[in-house]
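In what follows, every chain begins at residue 1, and chains take the letters A, B, ... in the order their sequences are listed. Since this is a predicted model, take the numbers as computed values, not measurements.
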2 protein chains.
Amino acid sequence: MAKRVAERTELLPPLAELFREYGFEAASLALIGERTGLGKGSLYHFFPGGKEEMANAVLDEIDGWFEHEVFRPLREGPDPNRAVAEMLVAVDAYFRSGRRVCLVGALALAETRNRFAERIKAYFADWDRALARALERAGWSPEEAAALSRETLALIQGALVLARALDDPEIFGRLLANLKVRLALGPAQSSSRGQG
Amino acid sequence: MAKRVAERTELLPPLAELFREYGFEAASLALIGERTGLGKGSLYHFFPGGKEEMANAVLDEIDGWFEHEVFRPLREGPDPNRAVAEMLVAVDAYFRSGRRVCLVGALALAETRNRFAERIKAYFADWDRALARALERAGWSPEEAAALSRETLALIQGALVLARALDDPEIFGRLLANLKVRLALGPAQSSSRGQG
DNA sequence: TCAAGATTTTACCGATTGGTACACAGGAGC
DNA sequence: GCTCCTGTGTACCAATCGGTAAAATCTTGA
């Protein structure tokens, strides 16, 4: 048989997609083998730790992507308003305009939540911190920035759930558009409305 | 052995909790037997269709609860603003202030999505229609009502994801409180801000 | 040409999966 | 007492699960 010389890194995208589609438990080794074209032997050659190592590698890659494409620009970008706007663009692209599910969010709800709990927590905590900081730099008060950041993350995750549940990806784009307006309006107009 | 004379309906709550905790696939018959105290024989006596029938029965009950406690008051309640406010109270109670996950939302993201796709879709579509209608009756324009309804559902679902992911149930209550303010403010103040 | 290392195939393992079959227990009506 | 009927417990099934072992194959460098 021909040698495939597969790279570990090029296995990550199909693995990620598989975990997104089926979840951690239901993505069986048989399915993984079928999708990647690799037998168990090869899979365990690249990932001696089995499925768990595969999932962790996928989460590593996701972490890295968001850190580089979203979190860092939010924290360090010279123009916070632009960083926030670009976050929405990146998010829309990443989630394929609602056709793709957030693996981290899905794992948070799934049975395997305990196994990856810390990574899931870190992912959302990082995002939340970075976004809140950008909003503060954009002029929102710390309290407003914190609340709006949480609300933004919740809306993104909820939009993915709804888009999937209603089988209508466009819901995601519409909700993201509303979000963009609210974030772009800035603190000036909204400071008048009381917080509670 | 003593006869338990278990009722089918009294099996639904533990089954629902089990599916919420583990998801459909990972809630094994062994686990179900352990939690309900019933052997396979009894379980298949009440649910000849196996796990799938159990899940459908649970979804039926959830549907019924929301129809009675949330959807119908939204559609037919004499005071739409009060119905919306009471929806938030009911939702907070149902999801145990963020400590409980939405089974329908979790199934929407999970591997089993295709198996229950229509029921999941119907659940959210019913909710969305009922809420949008109440908002219209409360004075929002049809377009605003539709958008706000979607946004509300997304925020609720996303809040559950975040509360679970960050292991902080209080996030749910805080996001629900913000939501309450926005919904209670009514269309008057918000009609000035452009939609896009 | 040949050895060394990397990759892949194949066969196999024990455990667990959802599901079936059936013998058995207990109460209700006669 | 007897017989239904509703539950229940248990043994069993093939299929699949994640994972292991090792032989076989390929690539590479000397």
Side-chain angles (χ1 to χ4, degrees), chain A residues 1-59 103 106-107 110-116 119, chain B residues 1-59 103 106-107 110-116 119:
Chain A
M1 307 298 161
K3 198 180 183 182
R4 299 276 321 276
V5 202
E7 291 264 358
R8 194 184 133 113
T9 57
E10 71 189 38
L11 289 176
L12 296 182
L15 282 177
E17 220 55 44
L18 218 34
F19 286 133
R20 260 186 275 266
E21 286 179 37
Y22 293 89
F24 179 75
E25 303 271 2
S28 69
L29 284 178
L31 211 50
I32 293 173
E34 185 183 322
R35 188 85 129 228
T36 60
L38 263 52
K40 289 188 188 181
S42 303
L43 291 172
Y44 272 82
H45 173 70
F46 290 113
F47 304 95
K51 270 175 70 175
E52 186 141 355
E53 185 172 342
M54 297 180 205
N56 275 312
V58 165
L59 289 176
L103 176 58
L107 286 180
E111 68 277 16
T112 39
R113 119 182 57 101
N114 296 324
R115 207 184 312 219
F116 305 108
R119 313 204 47 156
Chain B
M1 308 297 162
K3 201 177 182 182
R4 298 276 320 279
V5 202
E7 291 264 357
R8 196 184 131 114
T9 55
E10 71 190 36
L11 289 176
L12 296 181
L15 282 177
E17 220 54 43
L18 218 34
F19 286 133
R20 261 187 274 266
E21 286 178 36
Y22 292 90
F24 179 75
E25 303 273 3
S28 68
L29 283 178
L31 213 49
I32 293 173
E34 184 184 322
R35 189 82 130 230
T36 60
L38 263 51
K40 288 188 187 183
S42 304
L43 291 173
Y44 273 84
H45 173 71
F46 290 112
F47 305 96
K51 268 176 71 173
E52 185 142 355
E53 186 173 340
M54 297 180 204
N56 274 313
V58 165
L59 289 176
L103 177 58
L107 285 180
E111 67 276 17
T112 39
R113 120 182 55 100
N114 295 325
R115 208 185 309 221
F116 306 107
R119 312 203 47 155

Revision key, fill the gap. A:Leu43 CG to D:dG19 P, in whole Å, measures 11 Å
**Study point:** Of all pairs that satisfy salt bridge (Lys or Arg N to Asp or Glu O under 4.0 Å), the ones with a partner from residues 36-52 of chain B, not counting sequence neighbours
**Key:** B:Glu52-B:Arg115
Check your understanding: What's the verdict on side-chain contact (heavy atoms from CB on, under 4.5 Å) for A:Phe47 and A:Arg8, showing C-alpha distance, side-chain angles and the deciding distance?
Key -> CA-CA 8 Å; A:Phe47 304 95; A:Arg8 194 184 133 113; 3.5 Å; yes
Study note, to complete from the structure: Closest non-hydrogen atoms of B:Arg119 and B:Leu59, given as atom of the first, atom of the second and distance, are NH2-C, 3.6 Å
Exercise for review: To the nearest Å, give me how far apart CD (A:Glu34) and P (D:dT16) are.
Suggested key: 12 Å
Review point. Rounded to whole angstrom units, what separation is found between the CZ atom of A:Phe46 and the P atom of C:dT9?
Key: 11 Å
**Study point:** ring-ring contact (aromatic ring centres under 6.0 Å, His included) partners of B:Phe24, counting only residues at least two apart
**Key:** B:Phe19, B:Phe116
Study note, to complete from the structure: Here the pair of heavy atoms bringing A:Val58 nearest to A:Leu12 is CG2-O, 4.0 Å
Point to revise | Within residues 13-22 of chain B: residues closer than 4.0 Å to DNA chain D (heavy atoms) | key: none
Review point. Starting at CZ of B:Phe47 and ending at C1' of D:dG7, how long is that distance when rounded to a whole Å?
Key: 14 Å
Review point. Of all residues at least two apart in sequence or in a different chain, which pass the side-chain hydrogen bond (donor to acceptor under 3.5 Å, both in side chains) check with A:Glu34?
Key: none
Study note, to complete from the structure: Looking only at heavy atoms, the pair that brings A:Ile32 and A:Ala27 closest together is CD1-O, 3.6 Å
Study note, to complete from the structure: In whole angstroms, the gap separating C1' of D:dT8 from CG of B:Leu11 amounts to 13 Å
Between the protein and nucleotides 18-21 of chain C, list the N/O to N/O atom pairs that are separated by less than 3.5 angstrom.
| residue | atom | partner | partner atom | Å |
| --- | --- | --- | --- | --- |
| C:dG18 | OP1 | B:Lys51 | NZ | 2.7 |
| C:dG18 | OP2 | B:Leu29 | N | 2.7 |
| C:dG19 | OP2 | B:Tyr44 | OH | 2.6 |
| C:dG19 | OP2 | B:Lys51 | N | 3.3 |
| C:dG19 | O5' | B:Tyr44 | OH | 3.0 |
| C:dG19 | N7 | B:Lys40 | NZ | 3.2 |
| C:dG19 | O6 | B:Lys40 | NZ | 2.2 |

Exercise for review: To the nearest 0.5 Å, tell me how far A:Thr36 OG1 sits from A:Leu29 CG.
Suggested key: 9.5 Å
Check your understanding: B:Ala106: what forms a side chain to side chain contact (heavy atoms under 4.5 Å, CB included) with it, not counting sequence neighbours?
Key -> A:Leu109, B:Val101
Review point. D:dA22 C1' sits how many Å from A:His45 NE2, rounded?
Key: 15 Å
**Study point:** Contact list for residues 11-25 of chain A, test side-chain hydrogen bond (donor to acceptor under 3.5 Å, both in side chains), sequence neighbours left out
**Key:** A:Glu17-A:Arg100, A:Arg20-A:Tyr94, A:Glu21-A:Arg35
Point to revise | Approximate separation, where rounding is to 0.5 Å, of A:Ser28 OG and A:Leu18 CG | key: 8.0 Å
Check your understanding: Bend angle of the helix from C:dT1-D:dA30 to C:dC30-D:dG1 from five-pair axes at both ends, rounded to 10°?
Key -> 0°
**Study point:** For atom CD of B:Glu7 and atom C1' of D:dT6, their distance in whole Å
**Key:** 12 Å
